[in-house]
Amino acid sequence: MMEKFTVVRGAAAPLLIDNINTDQIAPVQFMRALEPDYQTALFARWRSDPGEPFVLDMPRFHRAPILVTGANFGCGSAREVAVWALAAHGVRCIVAKSFSEVYRESLIKNGMLPVVLAPADRPAFERQVLAVEGRSPFEIDLNARRISCPDGSRITFEIDAGERRALLEGLDDVAMTLRHRPLIEAWERRVATQQPWLQRVASPD
């Protein structure tokens, strides 16, 4: 079981950059520690830049539950720590132009919501995120599949019905499978009677 996702309300942090990869999200050296600090790992190279403060380090975006970013977010290696690092910061939802498919699946399996808005809705949403600068909250309602913006506008988004159910009920892959336990057990009983050789353990040569 994982934490259920229903409604998230809070600041939306803008990081409007395309092709952010998993090594930028969580550099590889942090994976080698015996007890990794995932929040410190999050965008560690960018946060150490002596120039402008990184967006997630700004007080108004401290523990912001919503990250708004560009296309192909989470590309690169399949690195689950790049999901854990965002979760450690408090991010529960990422609104991106598109996601790496492997990374998107990892978000869902960790109870985080990936949202891709329709192209027609994207520009106005991004303008509002930039305009309010974290001073006013956005609300993301997974049950209604809706984003409520500070100006009162509402934007709907699409998500696969099975993924939506898993997030709403806090079900990981094992829990989703166990929902079908009676059918699985009935199949096992039928096979044991009709095709018992399928359940025999072959002896080693």
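Numbers here are sequence positions counted from 1.
- Counting heavy atoms from C-beta on, the side chains of F43 and V55 never come closer than 4.5 Å.
- Here the CD atom belonging to E133 is positioned 5.0 Å from the CZ atom belonging to R60, to the nearest 0.5 angstrom.
- Using a 4.5 Å heavy-atom threshold, the side chains of L113 and L107 count as separate.
- Ring planes of F73 and Y103: perpendicular class, angle over 60° (limits at 30 and 60°).
- Closest non-hydrogen pair, G74 versus S100, comes out as O-CB, 3.2 Å.
- Tracing side-chain contacts under 4.5 Å through hydrophobic residues (I, L, V, M, F, W, Y), one never reaches V102 starting from V28; they form parts of separate clusters.
- With R45 contributing its side chain and P27 its backbone, the two residues share no donor-acceptor pair below 3.5 Å.
- Annotation: salt bridge (Lys or Arg N to Asp or Glu O under 4.0 Å) contacts of R154 (sequence neighbours excluded): none.
- Here the side chains of L15 and V68 are not in contact, with every heavy-atom distance at 4.5 Å or above.
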**Report entry** Residue pair W46, I20: steps toward the side-chain contact (heavy atoms from CB on, under 4.5 Å) verdict
**Finding:** CA-CA 12 Å; W46 292 355; I20 296 176; 4.0 Å; yes

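- Proximity of a side-chain donor or acceptor of N72 to a complementary backbone N or O of C75 within less than 3.5 Å is not detected.
- Judged by distance alone, the side chain of R146 and the main-chain N or O of F157 form no donor-acceptor pair under 3.5 Å.
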Query raised in the report: Between F138 and R9, is a side-chain contact (heavy atoms from CB on, under 4.5 Å) present by the stated rule, with each step listed?
Result: CA-CA 6 Å; F138 289 75; R9 179 179 173 85; over 6 Å; no

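- A salt bridge between R104 and E163 is present, with a side-chain N of the basic residue lying under 4.0 Å from a carboxylate O of the acidic one.
- In this structure, the side chain of T22 does not engage the main chain of A82 through any donor-acceptor pair within 3.5 Å.
- Between S77 atom OG and N21 atom CG the span is 7.5 Å, to the nearest 0.5 Å.
- Considering every non-hydrogen atom in both F54 and R47, the closest pair reads CD2-CG, 3.4 Å.
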Requested in this report: Decide side-chain contact (heavy atoms from CB on, under 4.5 Å) for I147 and L117; before the verdict, give the C-alpha distance in whole Å, the side-chain angles of both, and the deciding distance to 0.1 Å.
Outcome: CA-CA 10 Å; I147 299 176; L117 298 179; 3.9 Å; yes

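- Summarising the geometry of I159 relative to R145, their closest heavy-atom pair is CG2-CD, 4.0 Å, with the distance given to 0.1 Å.
- Taking the side chain as every heavy atom from C-beta outward, R164 and N143 approach each other to under 4.5 Å.
- Listed for the D18 side chain is no donor-acceptor partner under 3.5 Å among the backbone atoms of G70.
- The backbone N or O of S106 lies less than 3.5 Å from no partner atom in the side chain of E80, so there is not a single donor-acceptor pair.
- Under the rule for a salt bridge (Lys or Arg N to Asp or Glu O under 4.0 Å), R63 has no partner lying at least two apart in sequence or in another chain.
- Counting only heavy atoms from C-beta outward, the side chains of D23 and R79 approach each other to under 4.5 Å.
- Contact detail for L167 and I108: the closest heavy-atom pair is CD2-O, 3.8 Å.
- Annotation for E101: atom CD counts as buried by contact number, over 12 foreign heavy atoms lying within 6.0 Å.
- Here the side chain of S153 pairs no donor or acceptor atom with the backbone of C149 at under 3.5 angstrom.
- By the ring pair (Phe, Tyr, Trp, His ring centres under 6.0 Å) test, F5 pairs with no residue at all, sequence neighbours left out.
- Residues passing the salt bridge (Lys or Arg N to Asp or Glu O under 4.0 Å) test with R122 are E126, sequence neighbours excluded.
- A pairwise comparison of heavy atoms in E139 and V7 identifies CG-CG1, 3.5 Å as the closest pair.
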Contacts table for residues 84-97: side-chain donor-acceptor under 3.5 angstrom, sequence neighbours left out:
{"from": "W84", "atom 1": "NE1", "to": "N110", "atom 2": "OD1", "distance (Å)": "3.1"}
{"from": "R92", "atom 1": "NH1", "to": "E3", "atom 2": "OE2", "distance (Å)": "3.3"}
{"from": "R92", "atom 1": "NH2", "to": "G111", "atom 2": "O", "distance (Å)": "2.7"}

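- Summarising the geometry of I66 relative to G10, their closest heavy-atom pair is CD1-O, 3.8 Å, with the distance given to 0.1 Å.
- R127 pairs by the salt bridge (Lys or Arg N to Asp or Glu O under 4.0 Å) definition with nothing, not counting sequence neighbours.
- In this structure, L42 and I25 have side chains that are in contact, with non-hydrogen atoms separated by less than 4.5 Å.
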